[in-house]
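Side-chain atoms are counted along with the backbone in the values below, which use heavy atoms only and exclude waters and symmetry mates. Remember, it's 1-based here, ligands and their atoms both numbered in the order they're listed.
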Amino acid sequence: MVQITINEKKIEVAEGTTILRAAQMAGIHIPTLCDHKELTPYGGCRLCIVDVEKWRVPMAACTLPVSEGMVVHTETEAIKKSREFILSMLFSERNHFCPFCQVSGGDCEFQNAAYDEDMTHWPIQPGWNNFKVDSSHPYFILDNNRCILCRRCVRACAELTGNFTLSVAERGAASTIVADTDVPLGESTCIKCGMCVQVCPTGALIDRGSAYLGHVKDFEQIKSVCVGCSVGCSVNIMIRNNHIVRIEGDFDGAVNHGLLCEHGRYHPTAESRKRITTPQMRKNGKLEPVSWEEALSALTDKLQPLAGDKNGIAAIASTRLPVEALAMFKELFADKFQGALVTSTEEGIPTAATSSFAEKNGAFEGKLEVLRSADTVLCIGANVNRSHMVVGSMFKRNLPKGTRLINIGPDTSELDYLASTTITTKPGSDMALIKGFQAIIVKEGLGRSPMTIADADLLIEQAVSATGASREQLSQTAQTLARSITPVIIFGKGITAQRDENLVEEIYRLAVLIGAVDSERLGLISVKGEANSLAASLLGLDTAFKLNGQKAVYVALGDDYASKSLIERVSKAPYLVAQACYESDLTEKADVVLPVTIWSEQEGHYINLDGHMQKAQQVLTAPENVRDNMAVFSEVAKRANMALESDWQEAILERKSSVSLN
Ligand SMILES: Nc1nc2c(c(=O)[nH]1)N[C@H]1C(S)=C(S)[C@@H](COP(=O)(O)OP(=O)(O)OC[C@H]3O[C@@H](n4cnc5c(=O)[nH]c(N)nc54)[C@H](O)[C@@H]3O)O[C@H]1N2
Ligand SMILES: Nc1nc2c(c(=O)[nH]1)N[C@H]1C(S)=C(S)[C@@H](COP(=O)(O)OP(=O)(O)OC[C@H]3O[C@@H](n4cnc5c(=O)[nH]c(N)nc54)[C@H](O)[C@@H]3O)O[C@H]1N2
Ligand code: SF4
Ligand code: SF4
Ligand code: FES
Ligand SMILES: [Mo]
């Protein structure tokens with residue numbers, strides 16, 4: 001520990017702490033602009049200058065580490081004057097004509113910093129540069145004329161998202177923020193996560209969706225969880241007049257630590273499907289609006305006689321529903337109605353193989369945190385640059401520091417340009433490939449745990465012919481894996497869709513062999529699907545479905561999309577119930593349509609891909625005639641004289657989970 005004094009206050013902090021962080025811990029405010037708590041200190045704006053006794057010039061508090069006995073003053077007349085000068089210089093460099101800017105009036109850290117120093121005008125005439133405004137991006141606009149070159153966006157793109165799209169071109173006053181080799185943002189390698197916009201302290205990066213819709217002080221802010229996929233990122237939802245204005249990443253989030261992806265940040269406010277706001281029933285071949293009473297009693301009359309019938313009811317629920325609703329759905333249709341088929345829209349594609357291996361082996365998957373320290377990531381059959389972007393970011397950001405990415409699958413993907421090794425394989429050749437890797441490692445004596453393989457050469461040959469990769473490439477890759485200190489294996493639907501528990505087991509054995517999995521570390525992760533993929537599998541809602549003669553089909557789709565294949569299969573049913581939020585080809589074909597709440601109008605728990613149980617909050621009030629999914633299930637149960645009483649927290653414990661729950 002180091003003793004220092006700031007503004008007469010004695011403070012003890014850990015060695016290596018910067019003056020700025022020490023001051024913040026002690027509740028002393030030092031103005032900053034380029035600093036951001038999640039980004040490495042940059043020391044670019046100089047607004048944080050402080051006076052350090054025995055130092056001849058003011059120092060940037062954000063980059064200077066404390067040393068024993070240091071005496072710091074943050075509010076001397078000289079410092080205040082310098083601060084004002086620094087701000088004046090920054091204002092004069094570009095076009096900060098505030099009245100025209102969407103963040104002016106409270107949301108601009110730069111403007112706020114000037115007000116804090118009691119500045120009322122520009123003491124230096126601005127330079128009026130004329131940089132081109134880049135409006136090629138679907139979600140935001142880049143106006144370099146308002147940029148103060150703090151580089152927060154550049155650092156966020158590299159250090160948080162790990163996409164390395166943004167950088168600074170030119171030098172000095174001519175510096176501008178550019179994408180890639182100065183191409184329009186909309187044509188760049190940007191993955192549209194929006195982190196840069198969230199961290200920009202000025203109006204240089206403009207959020208198209210929420211610009212001019214108010215300031216943060218006008219919004220209600222509610223912390224919740226994104227239900228866009230199985231990562232389960234923590235979000236801060238900004239609401240005004242029962243509308244979501246903007247969604248931001250929550251830097252306190254247990255899983256994402258602030259990161260979000262395009263899907264989570266922008267898609268919820270860009271919904272274009274048509275909402276269903278009243279129950280409907282098919283009458284003379286046409287869907288007609290009806291009362292809840294009429295719809296519910298008609299469908300209960302239809303379902304009740306089918307209870308226990310082997311060809312009775314098929315029920316399918318979306319894996320985007322909260323666990324509470326899924327558990328109720330299961331109790332109603334599996335336990336009470338004794339449905340012929342009760343499953344989910346994902347049919348266990350992302351989870352069935354891992355669950356059945358877990359039945360035998362217990363929890364074998366690790367937590368996403370292991371990715372932060374991975375020196376090698378083997379990504380097989382998962383597209384983490386598209387489908388679980390935040391998982392991708394957790395290791396992509398370390399690629400410049402030497403982390404290796406090995407990407408394996410049949411298709412070229414956006415990950416290839418970042419990968420140190422890409423192996424393009426033939427679909428379904430994974431079993432041969434994994435066994436080939438094991439054989440090479442064992443044969444060369446590189447294994448980190450014991451494994452005997454009798455016919456190594458044969459297995460290696462089979463791997464070469466099955467995958468179409470060269471023997472040399474397979475050998476080099478196997479060696480890289482075996483020589484890594486902290487390797488992690490990620491797999492996704494490319495593997496799990498094969499529904500082969502043995503393939504998961506061989507991947508697990510490879511993980512043990514290379515030391516990705518040992519008594520201390522579980523460096524093996526399957527990325528799963530929608531927000532409650534894992535919960536659905538824990539509830540046993542994970543069987544593939546083919547309809548053969550069921551007399552009624554009940555689809556609890558919620559706000560999910562129905563795939564073509566699902567619609568094709570269920571539309572043959574003699575009686576179809578669609579519990580759904582939006583009009584679709586599914587509801588078009590239904591006999592009864594029940595309008596329910598969307599994700600933001602209901603609350604409930606989600607179990608993410610690495611076992612975090614998190615609660616999503618209700619943030620909006622639902623349209624009047626729309627009901628909660630659970631209320632609908634309990635109405636159906638009540639009318640059929642069934643009592644629903646199971647506890648979801650117990651229900652999910654009936655099966656072993658592939659990853660520990662917390
Ligand atoms: N933005 C966004 N995110 C999503 C979703 C979304 O719609 N949008 N959907 C969510 C859902 S429901 C799911 S299920 C997940 C899916 O997420 P992932 O599990 O990552 O699945 P995919 O994105 O389909 O990527 C699968 C990869 O496997 C490869 N592959 C195909 N066949 C084989 C094979 O035989 N062997 C190997 N090794 N690879 C193969 C494909 O080329 C592809 O790169 O994503 C979730 N996340
Ligand atoms: N045989 C087989 N069956 C499967 C799977 C499999 O891999 N193989 N996967 C399972 C899984 S994991 C899932 S999640 C389900 C469904 O998983 P998928 O088969 O991947 O579903 P899709 O058909 O891609 O998506 C449904 C429809 O919604 C549209 N859609 C989806 N997201 C958006 C969006 O954000 N905006 C717009 N405008 N349209 C969108 C798509 O264009 C599509 O028409 O199928 C399950 N069943
Ligand atoms: S665009 Fe915003 S975040 Fe990026 S350097 Fe300029 S002011 Fe900073
Ligand atoms: S990675 Fe998944 S949970 Fe996270 S923001 Fe994107 S869609 Fe939402
Ligand atoms: S905050 Fe320290 S130099 Fe910008
Ligand atoms: Mo999925």
If you count the atoms of ligand 5 from 1 in the order shown, which ones are under 4.0 Å from a heavy atom of C34?
-> 1 (S), 3 (S), 4 (Fe)
Close aromatic pair by centroid cut-off 6.0 Å: H96 and W122 | no
Ligand 4 to C226, heavy atom cutoff 4.0 Å, flagged ligand atoms 3 (S), 5 (S), 7 (S), 8 (Fe)
Is the distance from atom 8 (Fe) of ligand 3 to some N, O or S atom of C34 under 2.8 Å?
-> no
Considering only heavy atoms of C200, which atoms of ligand 3 have at least one such atom less than 4.0 Å away?
-> 2 (Fe), 3 (S), 7 (S)
Quick one: does V199 get within less than 4.0 Å of ligand 3, heavy atoms only?
-> no
Between F131 and R146, is there a cation-pi geometry (under 6.0 Å to ring centre, at most 45° from the normal)?
-> no
For ligand 4, is there an atom lying under 4.0 Å from some heavy atom of N256?
-> no
Can you list the ligand 3 atoms lying under 4.0 Å from a non-hydrogen atom of T202?
-> 7 (S)
Option with minimal heavy-atom separation from atom 7 (S) of ligand 3, where the choices are I148, N144, I206, V168 = I148
Select one of side chain, backbone, both or neither to describe which atoms of A204 lie under 4.0 Å from any atom of ligand 3, heavy atoms only.
-> side chain
Distance from C379 atom SG to K396 atom NZ, nearest 0.5 Å?
-> 10.5 Å
Has C261 got an N, O or S atom lying less than 2.8 Å from atom 6 (Fe) of ligand 4?
-> yes
Atom indices of ligand 4, in the order listed, that fall short of 4.0 Å to a heavy atom of G232 | 3 (S)
